[in-house]
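Reviewing the structure listed below.
Just so it is clear, the model here is predicted, and its values are computed rather than measured.
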Amino acid sequence: MREIELKYQVNNFDEIIKILEYNKCKISKIQYQSDTIFIEDLNKTESVEGTIWLRVRKINDKCEMNVKKQSSKKSESQEIEFVVEDYNKACDFLKVLGYKEWVKVNKKRRYTKYMNANICLDEVEQLGSFVEIEIIVPDDDIKNNYENDLEKIAINLGIDSKNIVNSHYDTMIHNLKG
């Protein structure tokens, strides 16, 4: 599966939530997510085609593992995600395979669906408030203009398209450390 995502920084969620609720979208309760990101080489952290990130995520009292492989488009990556039983064992597993712990990302997230997209309302420690608009498509889906569809959704939600963010939370937090 391929994940196609656009991310926007916002000042607050009030107007966006009003629009979503007006459109009968049910917004989830807040989930507390703690991500630990692993990479193969701590000296190669740039997001380029073929880059692989591994993530172990705590979601409230659950845990999952994820791998993302960056495609040639910045907004797109191949993604595989699955549940694991033990956060610490999952982290140890990746370390034994030679992956290095790179950065931690903590956030509060709320989900909803709007039209054909998943919407995430994220409050990310150290970074602020963001809206992610994403769709998941099969690997063999050859449509190339999904970003235009996602941008139209952002506009429908009252999000200023100038506030687009072309970076991942982990990269942004890593760059704060200098």
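- With a 6.0 Å radius and a threshold of 12 heavy atoms from other residues, nucleotides or ligands, Glu40 has its CD atom at or below the threshold.
- Side-chain atoms of Glu5 never come within 3.5 Å of backbone atoms of Ile136 as a donor-acceptor pair (strictly under, hydrogens ignored).
- Judged by distance alone, the side chain of Asp170 and the main-chain N or O of Val103 form no donor-acceptor pair under 3.5 Å.
- Side chain of Ser71 to backbone of Lys73: a donor-acceptor contact under 3.5 angstrom is found.
- A donor-acceptor contact shorter than 3.5 Å links the side chain of Lys100 to the backbone of Gly98.
- Side-chain polar atoms of Gln33 and Asn106 form no donor-acceptor pair below 3.5 angstrom.
- The cationic atom of Lys62 (NZ for Lys, CZ for Arg) does not lie both less than 6.0 Å from the six-membered ring centre of Tyr87 and within 45° of the ring axis.
- For CZ of Phe93, the number of neighbouring non-hydrogen atoms (other residues, nucleotides, ligands) closer than 6.0 Å is 12 at most.
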Residues Val10, Asn163; criterion side chain to side chain contact (heavy atoms under 4.5 Å, CB included); working and verdict: CA-CA 7 Å; Val10 297; Asn163 293 336; 5.7 Å; no

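- Asn12 places a side-chain N or O within donor-acceptor distance of the main-chain N or O of Asp14, the cut-off being under 3.5 Å.
- Taking 4.0 Å as the cut-off between side-chain N and carboxylate O, Lys26 and Glu21 do not count as a salt-bridged pair.
- A salt bridge between Lys107 and Glu125 is absent, with no side-chain N of the basic residue lying under 4.0 Å from a carboxylate O of the acidic one.
- Within the 4.5 Å cutoff, no side-chain heavy atoms of Tyr8 are placed close to those of Glu132.
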Trace of the side chain to side chain contact (heavy atoms under 4.5 Å, CB included) decision for Lys29 with Arg110: CA-CA 6 Å; Lys29 293 181 180 180; Arg110 290 177 281 178; over 6 Å; no

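- Side chains of Arg109 and Leu121 form no contact here, defined as non-hydrogen atoms less than 4.5 Å apart.
- Salt-bridge formation is not detected for the pair Glu134/Lys7: no Lys NZ or Arg NE/NH1/NH2 atom is positioned less than 4.0 Å from an Asp or Glu carboxylate oxygen.
- Tracing side-chain contacts under 4.5 Å through hydrophobic residues (I, L, V, M, F, W, Y), one reaches Tyr114 starting from Ile17; they form part of the same cluster.
- Within the 3.5 Å criterion, the main-chain N or O of Gln70 finds no donor-acceptor partner in the side chain of Ser77.
- Ion pairing between Asp35 and Lys58 fails under the 4.0 Å rule for side-chain N and carboxylate O.
- At least one donor-acceptor pair under 3.5 Å links the side chain of Thr51 to the backbone N or O of Val48.
- Taken together through direct or relayed side-chain contacts under 4.5 Å among Ile, Leu, Val, Met, Phe, Trp and Tyr, Leu6 and Val165 form parts of separate hydrophobic clusters.
- Side-chain contact between Ile80 and Asn66 is absent, with no heavy atoms from C-beta onward closer than 4.5 Å.
- Residues Ile119 and Ile16 have side chains not in contact (no heavy-atom distance under 4.5 Å, counting atoms from C-beta outward).
- Atom CG of Asn148 is surrounded by more than 12 heavy atoms from other residues, nucleotides or ligands within 6.0 Å.
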Arg55 vs Glu81, side chain to side chain contact (heavy atoms under 4.5 Å, CB included): CA-CA, chis, key distance, verdict: CA-CA 9 Å; Arg55 177 185 72 211; Glu81 192 168 78; 2.8 Å; yes

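- Shown here for Leu42 and Thr45, the closest heavy-atom pair between the two residues is O-CG2, 3.4 Å.
- Between Asp122 and Tyr169, the side chains place a donor N or O and an acceptor N or O closer than 3.5 Å (distance only, hydrogens not considered).
- Both Ile159 and Ile153 are members of a single hydrophobic cluster when ILVMFWY side chains are connected at heavy-atom separations under 4.5 Å.
- Between the side chains of Thr36 and Lys104, at least one donor N or O lies within less than 3.5 Å of an accepting N or O.
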